[in-house]
Structure formats: C-alpha cells, structure tokens
Amino acid sequence: MINVTKTFLPPQEEYNEHLKKIWESHWVTNQGPLCEELELLLKNYLGVKNLLLVSNGTIALQIAIKALDLKGEIITTPFSYAATVNSVIWENCTPVFCDIEDKTYCIDASKIENLITEKTSAILPVHVYGFPCDVNRIGKIAAANNLKVIYDGAHAFGVKINHNSVFNYGDISTISFHATKLFHTIEGGAVITDDDKLAEKLFLYRAFGHMDDDYYSIGINARTSEFHAAMGLCNLPRISGFIDERKKINLLYKKYLKDLPLAYPEIPDDIFYNYSYFPVFFRSENEMLSVKEKLKKNEIYARRYFFPSLNKLPFIKGESCPVSEFNASRVLCLPLFNGMDEQLITVITDIITAGLNK
Ligand SMILES: *Cc1c(COP(=O)(O)O)cnc(C)c1O
C-alpha cells in the first residue's frame, strides 16, 4: 500500500542515543534539554529570532490568536486544511474567506481590502503547499488598516523569499511538525515571532502562564516532550537532503506527466522552495475522481489536499469563493516521500496516463 506520504524514521540506534540521555536524566517533558537544543538548532537553521516549540500546529495557531488578542473577524483563506479555520472559530473569532489566486493557490491579496470591516482584527493567510503568499502586499494592507497578520506556515518549513525565511513576515508565523509534514517530530509545531514581548507572552501561554511558583497570565498546555524533540534532532540534519530528493521526484513526475492535460502550481523564481507536496490539478472533478479510483484499485492512495474549500464546510456559512471551490474540487496530491524510487513514480504516472487517455 502506498500512501500520499510515508513518514521518515531515522535509524533506531540514532534515536536510542537520545533516549539514553532521557533515561539518565529522567527529564521527559517540561522543556527539557532536548527541547532546548532543538529550539536553538531550528532558530539557526531557519534564521528566525524567537521560536517556541509547541505540541502541534493547531495549538500554535490558537495561542497565536490568543497572544495577539484577536477579536471579531479574521480574514483567511478557504484553500487550506481544516485546522486553519477551526482554530479561528475555536478562539471565538469569525472567519471571513478571501478567495485565492490560481498560480500559487494562496490568498488573493488584491481581494483582501474589500473584505475589511470595522470588526476585522487580523489576516490569517496560509503559505499553501509551501508557496509563499504575497507577503509584501499583505504587510502593506495590514499596516494601512491596523491589522495583525498570522501566517499559517504548516507547509513552509525551510522556504525562503530572496534568501530570507518565509517565517520572518507577519506578527507571528506558525508551523506544524506533524508526521506527514516535511520536517516532523511525530506530533509538534512551533510559533515564531520577531517581537520579544510577544515571544514572552507565548512562552507563558505555552505552559499555564507561570514560571516555577510565579504566576503571570492565563495559559494552556501546549508543551511538547523530550521524546518528540529527539525525533526532531534526528531529522533536522537530513532536511536539505530531503528537499534535494523531493525536487528530483517533482521533476520526474513532471517529465512523465508532461503530455497530459494537468496543471501544477508555478514555483516562483525568487524563492527557495521545499517541495513539500506534489499537487496536480485536473480539468474537472470527475476526471480527478476517476483517476483517484484507479490509483486506489492499485492500492495507491492519493489525497484531496485541499478539499473541501473551507467556506463549504458543513458548520460554516461562508461567502462564495469560486477560485478556491473550483480548484479544491479538482486537485489531487500524488504520493511524495523520501525514499520513493523512479519505478514507483512511473507506476503512478502510467495509471494516470491510462486513466486520462481512455
Ligand atoms: C497540518 C496543518 C495544520 C495543523 O497541524 P497539526 O500539527 O496537525 O495540528 C495547520 N495548518 C495547515 C495548513 C496544515 O496543513
């Protein structure tokens, strides 16, 4: 069985080296030495000022919304995973969906201003598939209208715009280190900010608002453990190798699919891309569904990332977003993982070719 992704696991002995330290110290959670080490390495690797590890990418969004004290309406993208909009609603804010553009599939910055009302407190875009949003334009709109910006960077690990980390834009950026993401700690995530005051607030929010016996604010349990950090310490040195390998897989897919009526996102020239997903846009939903079925008959499970367009979720009454709805209906993410060989790629592309040429 082939899934859309296959979680990388390091050699067990390597993980055990870290476990030995945990067994010696008996320090298993509460921001122990492995969490501290991973935070420092991630800050250096990504080139960001403040980074706090948290237990997942959803709580990262929630504490970001809380720390910025957001109220009322948050303008966000409908083309994302449900976690983005769920965290807005969970924090008692109202999502207002802004349609996407069809080159990068990120929020269409030219449509944001029309949606701003006196209730708007923030913009929450997603660097979808790791493609950066129009961060400069979004930054200007936010400044002109006194709005906060949180970027959901769940897919954007390692992505740079003109050599600068994509996480250096907005008030806060969040990441997910879930097992399905490019860099993983099994479960995990992080919040990133330039602002030291905000970082202090996030630090307290992460662990019940206190340090030792001094209580400062409300807080929640958003901590991660030493076991999760150990997985991150094993995986981090491999990331640039992972990205190189995924780039090759991406190019092979495009080579074998090049004569078919399929569309892909354009990778902008001025970015360093991480090749976190391989989304393919079919001409129609029916065509996509028939190919998905054929893959499934061969035990290959491609996934509908991202479907449905979040404005169409049953518990949301969202405005219509035609670009997002159309693209969500016809997109399929093909299997992409490290260790995938060319033979598997041709098995998949042959099934797609046969499916579209019938
Ligand atoms: C995976 C993901 C999240 C949530 O991350 P978890 O670590 O699973 O909570 C949030 N936003 C997007 C866009 C994601 O893909």
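Numbering of ligands and ligand atoms starts at 1, following listing order. The model shown is predicted, which means the values in this text are computed figures rather than measured ones. Both backbone and side-chain heavy atoms feed into the values below; hydrogens, waters and symmetry mates do not.
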Looking at [Y] and [X], is there a salt bridge between them, counting it only when a charged N and a carboxylate O are closer than 4.0 Å?
X	Y	result
Glu17	Lys20	yes
Lys111	Asp108	yes
Lys181	Glu187	no
Lys71	Asp69	yes

Can you confirm, on distance only, whether ligand 1 has an N/O atom lying under 3.5 Å from any N/O atom belonging to Val126?
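There is no such contact.
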Is the shortest N/O to N/O distance between His155 and ligand 1 below 3.5 Å?
yes
How far is [atom] from its nearest protein heavy atom, and which residue and atom name does that atom have?
atom	value
atom 3 (C) of ligand 1	Ala83 CB, 3.8 Å
atom 12 (C) of ligand 1	Ala154 CB, 3.3 Å
atom 9 (O) of ligand 1	Thr58 OG1, 2.6 Å
atom 1 (C) of ligand 1	Lys181 NZ, 1.7 Å
atom 11 (N) of ligand 1	Asp152 OD2, 2.7 Å

Cation-pi check, Lys247 to Tyr275: give yes when NZ or CZ is under 6.0 Å from the six-membered ring centre and within 45° of the ring axis, no otherwise.
no
Cation-pi between Lys254 and Tyr264: NZ/CZ under 6.0 Å from ring centre and within 45° of the ring axis?
yes
Asn56: numbered ligand 1 atoms lying under 4.0 Å from its heavy atoms:
7 (O), 9 (O)
Could you tell me, atom by atom, which parts of ligand 1 come under 4.0 Å of a heavy atom of Thr84?
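Listed by number with element, the hits are 11 (N), 13 (C).
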Is there a heavy atom of [X] sitting under 4.0 angstrom from any atom of ligand 1?
X	result
Glu187	no
Ser80	yes
Gly188	yes

Might you work through the ring pair (Phe, Tyr, Trp, His ring centres under 6.0 Å) test for Tyr205 and Phe203, ending with a clear yes or no?
CA-CA 6 Å; Tyr205 280 13; Phe203 182 91; over 10 Å; no
For the residue pair Phe306 and Tyr105, is the inter-centroid distance of their aromatic rings smaller than 6.0 Å?
no
